[in-house]
Amino acid sequence: MTEAKTILVTGGAGFIGSAVIRHLIADTDASVVNLDMLTYAANLETLASVSGSERYSFERVDIRDATEVARVFSQHQPDAVMHLAAESHVDRSIDGPDDFIQTNIVGTYVLLEAARAYREGLTGGARDAFRFHHISTDEVFGSLGDEGMFTEETRYDPRSPYSASKAASDHLVRAWGETYGLPVVLSNCSNNYGPYHFPEKLIPLMIIKGLAGEALPVYGTGENVRDWLYVEDHARALWLVCSRGQVGESYNIGGKNEVQNVEVVRRLCQHLDQMTPRVDGKPREDQISFVTDRPGHDFRYAIDASKAERELGWTPLETFESGLEKTVRWYLDNEDWWRPILDGKYAGQRLGVGG
Ligand code: NAD
Ligand code: DAU
């Protein structure tokens, strides 16, 4: 695809999808159609900086609704799909896998069928240039020990309902490429963090609980390792994968920032203590509390992103230090974004203890 003009972004009201849309509107000349059903995880406020653009439109549609999805393709005539809509939270998938199976697997199937039918109606250059970019996770590769990294060749070994549903969707996407010739491209990324992150996830939850003087619940021993990537670096990578990636290929995206969970929480405490000290002057590290582990908790993720760096010329701009500091500052400055979430959709309670 040399000149993508209209990009259909699914899940654009979520954390990463909204970063992709802000990037597309600010830094490219593409038009964007945001298709999102607005689950608990969505927030249209997150798109306030771009929603006034003539190049932005919004469709409140469930990706499982084949009729409505087909209408969106027909009405907007996209040049590419960037598919991010998903149930994304591992702990919620432990408490209730059904939405994960329905949205991540069935929804992806519905979208693939709609894209296939739509593309069959295109001719010439538009047909060749069409892309279906599936955005996935490193969790499909399972859990690493102390050594090694995930490459594009790593065997799939998902271990949670969430990662199994994402693995299934990856397989469907590859199958539609092989069997029907749909021009697909995939990417698998490590843990994102940054502004507009829903406060069920580790980093925003710890910032908000840290500010409130509440216990900071670290699962198990806190030695589990995640490989953190600033969300805007991911958004840039995704556009490169969509616009320059080779058909049928997948690209691992990650920030080379492996950190143990307890160390992430300690660093957040230090930033908070520096920016807004506790009234009693005590360090927020005192709030850390080791709690019952997540069932099936993957020990370590680490991404080898050398293929994306080599073939797409992508490189992350933020270090973990600079990104974390920006993120803490953003949550301090944007309480009007996250406070309504705590007052309505999610109050910070423990999720994913099984059952
Ligand atoms: P998110 O939970 O913040 O947002 C998901 C969005 O999808 C929401 O706006 C929601 O309303 C929408 N959605 C959910 N079900 C839908 C449906 N049936 N129809 C239409 N819209 C629906 O998720 P995120 O963290 O932004 O993740 C986006 C994608 O990136 C997901 O596919 C996820 O698996 C993948 N991913 C996430 C991370 C991460 O660290 N967050 C890392 C790698 C990959
Ligand atoms: O690796 C990519 C994945 O990263 C994405 O595919 C998922 O969509 C995204 O949610 C994220 O999954 P994780 O399970 O790694 O993210 P989470 O923020 O839930 O947890 C990060 C780590 O912190 C994990 O090891 C569990 C731990 N944790 C989490 C929470 C919410 C805690 O110790 N305490 C907590 O309260």
Side-chain angles (χ1 to χ4, degrees), residues 9-20 34-44 46-47 59-65 68-69 82-94 99-100 102-104 106-108 110-111 134-141 143 150 160 162-163 165-166 169-170 187-194 196-206 209 215-229 231 234-235 238 253-254 259-262 264-265 288-294 297-303 348-352:
V9 177
T10 73
F15 170 50
I16 302 173
S18 65
V20 168
N34 174 13
L35 185 159
D36 197 302
M37 72 173 274
L38 304 184
T39 67
Y40 80 92
N43 192 338
L44 287 175
T46 301
L47 291 158
E59 292 277 6
R60 185 170 189 176
V61 167
D62 184 335
I63 56 166
R64 294 164 291 185
D65 183 340
E68 271 294 276
V69 171
M82 296 177 79
H83 174 36
L84 296 103
E87 289 293 337
S88 71
H89 195 48
V90 174
D91 286 338
R92 287 184 196 264
S93 84
I94 296 166
D99 283 346
F100 290 74
Q102 296 305 327
T103 282
N104 299 0
V106 179
T108 299
V110 168
L111 205 62
H134 180 58
I135 284 80
S136 192
T137 170
D138 61 356
E139 298 198 10
V140 299
F141 301 123
S143 181
F150 298 134
S160 74
Y162 163 70
S163 54
S165 71
K166 292 297 290 187
S169 65
D170 289 12
S187 53
N188 296 79
C189 187
S190 59
N191 287 64
N192 285 216
Y193 70 101
Y196 305 109
H197 206 182
F198 193 88
E200 65 194 351
K201 306 292 202 285
L202 177 72
I203 287 181
L205 187 67
M206 296 299 145
K209 283 188 180 292
L216 304 175
V218 174
Y219 297 172
T221 61
E223 287 166 332
N224 302 63
V225 172
R226 296 294 181 266
D227 182 357
W228 295 96
L229 179 66
V231 67
H234 189 200
L238 290 178
I253 316 285
V259 192
Q260 289 190 338
N261 290 339
V262 67
V264 172
V265 179
I288 292 177
S289 159
F290 292 93
V291 299
T292 312
D293 210 351
R294 169 186 282 175
H297 197 177
D298 288 342
F299 177 64
R300 174 172 163 259
Y301 305 143
I303 280 273
Q349 68 276 21
R350 174 77 195 263
L351 300 170

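Bear in mind the structure is a predicted one, so any value in this text is a computation, not a measurement. Start at 1 and go down the list; that is how both ligands and their atoms are numbered.
One option in Arg226, His297, Arg92 has a heavy atom closer to atom 26 (C) of ligand 2 than any other, and that option is His297. Selection from His197, Glu139, Lys209, Glu223 by nearest heavy atom to atom 13 (P) of ligand 2 gives Glu139. Between atom 43 (C) of ligand 1 and the options Cys189, Ser88, Ser165, Gly194, the minimum heavy-atom separation is to Cys189. With distances taken over non-hydrogen atoms, the option nearest atom 36 (N) of ligand 1 out of Asn104, Ile203, Ile16 is Ile16. For atom 20 (C) of ligand 1, the nearest non-hydrogen atom from the set Glu139, His134, Met37, Glu87 comes from Met37. Of the listed options Gln260, Lys201, His89, Arg294, Arg294 places a heavy atom closest to atom 20 (O) of ligand 2.
Protein heavy atom in closest approach to atom 33 (C) of ligand 1: Tyr162 OH, 3.6 Å. Among all protein heavy atoms, the one lying closest to atom 35 (C) of ligand 1 is Ile135 CG2, 4.0 Å. Looking from atom 21 (C) of ligand 2 to the surrounding protein, the closest heavy atom is Leu202 CB, 3.9 Å. At the top of the distance list for atom 5 (C) of ligand 1, counting protein heavy atoms only, stands Ala86 O, 3.4 Å. Among all non-hydrogen protein atoms, the one lying nearest atom 31 (C) of ligand 1 is Leu84 O, 3.2 Å. Closest to atom 27 (C) of ligand 2, if we only count protein heavy atoms, is Asn261 ND2, 3.5 Å. Protein heavy atom nearest atom 3 (O) of ligand 1, with residue, atom name and distance: Phe15 N, 3.0 Å. In this structure, atom 10 (C) of ligand 1 lies nearest to the protein heavy atom Thr39 OG1, 3.2 Å. Protein heavy atom nearest atom 40 (O) of ligand 1, with residue, atom name and distance: Asn192 N, 2.9 Å. Nearest protein heavy-atom neighbour of atom 29 (C) of ligand 2: Tyr219 CE1, 3.6 Å. Atom 11 (C) of ligand 2 has Asn191 ND2, 3.4 Å as its closest protein atom, hydrogens excluded (heavy atom only). Considering only non-hydrogen protein atoms, atom 34 (N) of ligand 2 sits nearest to Pro217 O, 2.8 Å. Scanning the protein heavy atoms around atom 8 (C) of ligand 1, the nearest turns out to be Asp36 OD2, 3.5 Å.
Counting the atoms of ligand 1 from 1 in the order shown, those under 4.0 Å from a heavy atom of Leu38 are 11 (O). Atom numbering of ligand 2 starts at 1 in the shown order; those under 4.0 Å from a heavy atom of Thr137 are 1 (O), 2 (C), 3 (C), 5 (C), 6 (O). Interface of Leu205 with ligand 2, defined as ligand atoms under 4.0 Å from a residue heavy atom, comprises 36 (O). For ligand 2, the atoms closer than 4.0 angstrom to any heavy atom of Tyr162 are 5 (C), 6 (O), 7 (C), 8 (O). Using a 4.0 Å cut-off to heavy atoms of Asp62, the atoms of ligand 1 that qualify are 17 (C), 18 (N), 19 (N). Using a 4.0 Å cut-off to heavy atoms of Glu200, the atoms of ligand 2 that qualify are 31 (C). Listed by number with element, the atoms of ligand 2 under 4.0 Å from a non-hydrogen atom of Val218 are 33 (O). Atoms of ligand 2 found under 4.0 Å from any heavy atom of Tyr301 (numbered from 1 in listed order, with element): 1 (O).
Residues Leu202 and Val265 form a side-chain contact, since some pair of their non-hydrogen atoms from C-beta on lies under 4.5 Å apart. By the 4.5 Å heavy-atom criterion applied to side chains, Asn43 and Tyr196 are not counted as neighbours. Residues Ile303 and Ile253 fail the side-chain proximity criterion, which asks for heavy atoms closer than 4.5 Å. When side chains are defined from C-beta on, Asn104 counts as touching Tyr162, because their heavy atoms get closer than 4.5 Å.
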### Query
When you look at Val110 and Asp65, which way does the side chain to side chain contact (heavy atoms under 4.5 Å, CB included) test go after all the steps?
CA-CA 7 Å; Val110 168; Asp65 183 340; over 6 Å; no
#### Entry: Stepwise side chain to side chain donor-acceptor pair (under 3.5 Å) check, Arg92 with Tyr40
CA-CA 12 Å; Arg92 287 184 196 264; Tyr40 80 92; 3.1 Å; yes
### Message
For a side chain to side chain contact (heavy atoms under 4.5 Å, CB included) check, start with the C-alpha distance between Tyr193 and Val231, then their side-chain angles and the critical distance, and finish with the verdict.
### Response
CA-CA 6 Å; Tyr193 70 101; Val231 67; over 6 Å; no
### Task
Check step by step if side chain to side chain contact (heavy atoms under 4.5 Å, CB included) holds for Arg64 and Met37.
CA-CA 10 Å; Arg64 294 164 291 185; Met37 72 173 274; 3.6 Å; yes
### Query
Would Asn191 and Ile203 satisfy side chain to side chain contact (heavy atoms under 4.5 Å, CB included), going step by step from the backbone distance to the final call?
CA-CA 10 Å; Asn191 287 64; Ile203 287 181; over 6 Å; no
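Not a single heavy atom of Gly12 sits under 4.0 Å from any atom of ligand 1. Residue contacts with ligand 2 include Met206, since one or more of its heavy atoms lies under 4.0 Å from the ligand. Residue Tyr193 places no heavy atom under 4.0 Å from ligand 1.
In Asn191, the part holding a heavy atom less than 4.0 Å from any atom of ligand 1 is the backbone. Contacts between Val61 and ligand 1 below 4.0 angstrom, taking non-hydrogen atoms only, involve the backbone exclusively. Heavy atoms of Lys166 found under 4.0 angstrom from ligand 1 belong exclusively to the side chain. At a heavy-atom cutoff of 4.0 Å, ligand 1 is contacted by no atom of Trp228, backbone or side chain. Contacts between Asp99 and ligand 1 below 4.0 angstrom, taking non-hydrogen atoms only, are absent altogether. At a heavy-atom cutoff of 4.0 Å, ligand 2 is contacted by both the backbone and the side chain of Ser88. If you look at Asp138 next to ligand 2, the close heavy atoms, those under 4.0 Å, all belong to the side chain. Neither the backbone nor the side chain of His83 comes within contact range of ligand 1; no heavy atom lies under 4.0 Å.
At under 3.5 Å, a nitrogen or oxygen of Thr103, whether backbone or side chain, sits near a nitrogen or oxygen of ligand 1. For ligand 1, the polar-atom distance check finds no N/O of Ser136 at less than 3.5 Å from any of the ligand's N/O atoms. Of the N or O atoms in Gly14, one or more lie within a sub-3.5 Å distance of an N or O in ligand 1. Not a single N or O atom of Lys201, backbone or side chain, sits closer than 3.5 Å to an N or O atom of ligand 1.
Summarising the geometry of Pro199 relative to Leu205, their closest heavy-atom pair is O-CD1, 3.0 Å, with the distance given to 0.1 Å. The two residues Ser136 and Val140 make their nearest non-hydrogen contact at OG-CG1, 3.9 Å.
Classification of the His134-His83 ring pair by plane angle, with boundaries at 30° and 60°, yields tilted. Between His297 and Tyr219, the ring planes are perpendicular. Angles over 60° get that label, and only those under 30° would be called parallel.
In the model, Asn224 has no side-chain atom that pairs as donor or acceptor with a side-chain atom of Asp293 under 3.5 Å.
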